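What follows is one structure encoded as structure tokens, with my remarks underneath.
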Amino acid sequence: MRRHTRQLARRPVHIIQHGRLRHTRGRIRPKVPHHAGQEAGQVRPHHNILWHVPERAGGPRHGILYGGLAPRRHGHSQNHIRDAWGPGRRQPYVRAGRREAHRHDAGGRRLGQGGHTMTEWRDMEERWQKAWSEARLFESDPDSRPKKTITVAYPYPNSPQHLGHGRTYTLADINARFWRMRGYNVLFPMGFHYTGTPILGMARRVAGGDPEIMDGLLNIYGVPPDTVRGFAEPLNIANYFSAEIETGMKEMGYSIDWRRRFTTIHPAYQRFVEWQIESLRRRRLIRRGSHPVGWCPQDGNPVSQHDTLGDVEPEFAEYTIVKFGWGRHILPAATLRPETIFGVTNLWVNPDAQYGIWQVGRERWIMTEECAQKLAHQGRRPVHIGDIPASDMLGAAAESPVGGHIPVLPAGFVRPDTGTGIVMSVPAHAPFDHAALRAIDPDGTIPSRPIIAVSGYGDDPAAQICGGLDTSDESALERATETLYSKEFHTGVMLEGCGPYSGRRVSECKDDIRGWLARKFGARTMMEMAGEVRCRCGARCIVKMLEKQWFLDYGDESWKASARRCLDGMEVLPPEIRGEFHNIIGWLRERACARQRGLGTRLPWDPDWIVESLTDSTVYTAFYILMKYVNAGAIQPDVMDWDLFEYVFLGRGEPPNPTAQEMRQEFLYYYPVDTRHSGRDLVPNHLTFFVMNHTALFPERHWPRQIVVNGSVLMDGKKMSKSMGNIIPLRGAILRHGADPIRLGITISAELLQDADVNLESVSGMGTRLERMIRECGEAEPGEAGGEREDAWMRSRIHWTVQAVTANMERMRMREALHDVMYGMERDVQWYARRLAARGRAMPPGMAHMICEMRARLLAPFAPHTAEEMWHTLGNDGFVSVSEWPEAGNVDHSIVHDEDYLVSVLRDISNIVRVSGIAPRRIRVYAAESREIYDTVLECVAGGAADMRSIMEIISGDDSKRHLRVYPKEIAACLKDILSESVTTREARLRHSTFDERKLLEEHLRDVVRTEYDCTVSVYGSGGVPESEDPKRKARLARAYHPAIYIE
RNA sequence: GCGGGGGUUGCCAAGCCCGGUCAAAGGCGCAGGGCUUAGGACCCUGUCUCUGAGGAGUUCGCGGGUUCGAAUCCCGCCUCCCGCACCA
């Protein structure tokens, strides 16, 4: 059994943890040249012609350009739509008075005068950021209002932020801004996670002048050369990028309380981590054990993915070392398939390899030097006591643990650096063994010993699968091996002669056999890299068993139970991710919680170890509350001891000082966390640890209330990564597109849990839309809002929108909410403008104002800068960011119902016009006069009868309806109509059974149609229309809600 | 292997939980028109097929089933992606 690492990487191998079978994966990382011009700080906005819109003279031309739903070209120009904004339209910004003065207060140059450059847009955003900051708008301290503590996983500053990071933070910010407007005292803090090893690796590579990383820093990240030189020092990297990220967050307009900022190597934070880890230890959740890690023998360091050449993830395979006796010596054969011990016919050694004799415990093992070195890192101490030529072993009769003697034979495929250099030969089940054995024993003197029955492969599976193969073709043998191993593992059954395991499935008894060999025959295990992994220094990595490693026992059942209880008591959004948390808790087990290098906090009781970085970042949400005091100088880190934390977090003991008392009060106010935001990738680790650690450290009333998980951001359908060259740095994107358009682009591109494929065109489309909204605010004046039917309709639609947006935002369905604000409302306003035009009215100024103001408020969480600009342009004081979230008024359902009807009739007309190609001169509409059948069927459907048979039964069984029995055709037609409508439409129609179609058509359809088609409109009842008025006999086709139409 | 999530009309992406609002939202792209000296931007219209009448036909990975009715529910299959730990 065996052998080539090359092959190991391609077939299922046993990974150390629980012996779970796991596929190793090949990773392909195409080299893609980085994109020039993406570097932060190198974008020159004035060169961005896409954004340059020349100023125009006639400002009013840009009145709100709502075209109708389907204005025809046949008739008038569409200008009536614009004219709907009517007399209220004027040159903006030329009026004197308070409002005007106010606008100038808002600062400098305004937008909305007919186009802007990117520079102007950025000026606008910066102006508001500055105003917020000066007004300390987002600083939160306890007060009498209810609170919301909203947090996001803090960033690891080893690179600038890109668009992908922006998504989680933007969602959190939208959430924070929403609740703030709803009257909550929102705490939204931010810190920086300095702890960790990747920065260490970067620093080392910079120090070594690694061209790849230098290129990345200078050209992709745009770090100035002078600064990069300082990056040999890890702290400089973290400081540089955290500042960079912080600036980016401010540029994005995040409503963060920056007074609470910290880094995880701040002395105060370290005191906090000491308290945390010590608490866990006192709760007996920390223990000691040994643990395998990838290891570079040259550097003497653990290696993880970012330390390896090609960023290969070090993965381990677990070999079983089966001891074969040979006189006073042991021949240790390493195998991945211990179950095949029953089928061994011989051992293989490499005739060209160097073997030595090593004292291992009380035994003398024969193995290669490489093997002895590896064992030395895995808790054994082989002592070299001599060499032995491979030839001395050839022909020896080795004693098998399961009985009998087998010969030692030579094989070239045995690699001295893999396993022990000695291999079990199982010719019945291993194609390589079969081929090698038959090559030196063509007559079958040594017969195969099949021990696994596997359907489709006969009595000698390896022989069969090798049947048609060229056995000198290694790759063919590898493929055969892979196929056979997989088949045997999953479907194979142990044959007779396998001791207690006969008749059992391979997949079920493999681990048992390993255990049995270990117990009865002293078999050992040995870790080996699954595939060749090289350190960045070039050395080949091995597996090292770290002794006396500290573990956090996430496997503790009672701990898991309380985590489940916490989870059950909290909201998880989106709901479908909840099950995943439970699964993860299910398989969670001990996890190393300390390591030997990197930035971080030392274990209080064992200063040789540093608290591992996913362990020191589980409950820091509580620390923001204290950090305000540290940053303000109200308390010094050196007095933050065990007693202080016990008091502040748990109320234990007496307050050590007045500040502690204040902190306790603030903690009680802000805790628990109301929302924890994070990306999906953190679900199996940080978010679950967040839950686990809270339950271990805090009383139940302080357990988190809600977790919100979002998907990541893709570029062109691919995950953003440096090696793909598709990273869009956030700050560069802001320069190019503006913060608000990016915020909207990210939010609207996908549902919460979906990965968002952001396209930059739609981002800039957002920009122009926002700009138009600002512009429109400049043309709206407070005033009379109109009392006509269409005004009432518009108001109802606004109320409906507020309801829908609010409900969606409460459930973190930000995409849908934004959709209603950006597009839904837009569509309503278009219809409104069309109705106004039909009646020759201009939009009442008050209504235009109300629409704009509602937009500003609903948009404020999403596009805060734009919303502030709109708010002030409308003449409001203060900040929309802290204004009240709109309350939804009552929706007049009957008006909405009637307008929906008009839209549907209009749609019918435009369909006919389009299909027939007629330029209408006259449109005749015949409204159905009786709705008895329709209403009857509608009632039946509402009552659950949706098929003809049951409807006919109901009608026949009701004296008042029985007379309708003779109209089955009509009934069927009504049923079809009704079923094609939505449930909400049906309900609305049920409620408005007194609805008078003809009257509505006469009063309203006429105007709308006439304006758009420039033709006459006649409305009739369907009964008794003289033939002169109904030349094509259409009137009889009228159905309820479907007037007959004739166009000439 | 274990666990999770997908496959929708040119692309991205809703809908699926709660079956008829679905030829299927919205965005992008594309086409025509408007506006503009022009380009860009913006606005309108169209964008599965057929249609001189509001209609019909064929679609939602594949194959079955349940139902008056399925993108939506059930069963089977194919296929893609992600996580699996000491790493943020």
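By convention in this document, chain letters (A, B, ...) are assigned in the order of the sequence lines, proteins followed by strands, and residues within each chain are numbered from 1. Treat the numbers as computed from the prediction; the structure is a model and nothing was measured.
Within the structure, every side-chain polar atom (N or O) of A/Arg815 is placed at least 4.0 Å from both OP1 and OP2 of B/G15. Listed pair A/Arg597 / B/C87 fails the phosphate criterion, with no side-chain N or O lying under 4.0 Å from OP1 or OP2.
As judged by a 4.0 angstrom heavy-atom cut-off over every strand, A/Leu552 is placed among residues making no nucleic acid contact. Residue-level contact check: A/His193 touches the backbone only, with heavy atoms under 4.0 Å from sugar-phosphate atoms and none from bases. Among the atoms of the strands shown, base atoms are found under 4.0 Å from some heavy atom of A/Asn685. Here A/Ser617 lies out of heavy-atom contact (under 4.0 Å) with every strand. As judged by a 4.0 angstrom heavy-atom cut-off over every strand, A/Asp908 is placed among the base-contacting residues. Using a 4.0 Å heavy-atom cutoff across all strands shown, A/Leu753 reaches no nucleic acid atom at all. Among the heavy atoms of the strands lying under 4.0 Å from A/Gln754 are primed sugar atoms or P, OP1, OP2 only; no base atom is included. When heavy atoms are screened at a 4.0 angstrom cut-off, A/Tyr1046 is found touching base atoms of the nucleic acid. Among the protein residues, A/Ala1044 comes within range of the nucleic acid bases, having at least one heavy atom under 4.0 Å from a base atom. Base engagement by A/Pro1043 is indicated by at least one non-hydrogen atom pair under 4.0 Å involving a base atom. No contact: A/Glu816 has no heavy atom under 4.0 Å from any strand. Counting non-hydrogen atoms under 4.0 angstrom, A/Thr615 reaches nothing in the nucleic acid.
Both A/Lys1034 and A/Asn583 lie close to RNA chain B; mapped to their nearest nucleotides by heavy-atom distance, the more 5′-ward contact belongs to A/Asn583. Mapped onto RNA chain B by nearest heavy atom, A/Arg769 and A/Val293 fall at different nucleotides, with A/Arg769 at the one closer to the 5' end.
Taking atom P in both B/G10 and B/U66, the straight-line distance is 31 Å, to the nearest Å.
Environment of CZ in A/Arg921: sparse, with no more than 12 heavy atoms of neighbouring residues, nucleotides or ligands closer than 6.0 Å.
A search for side chain to side chain donor-acceptor pair (under 3.5 Å) contacts involving A/Ser749 returns nothing, not counting sequence neighbours.
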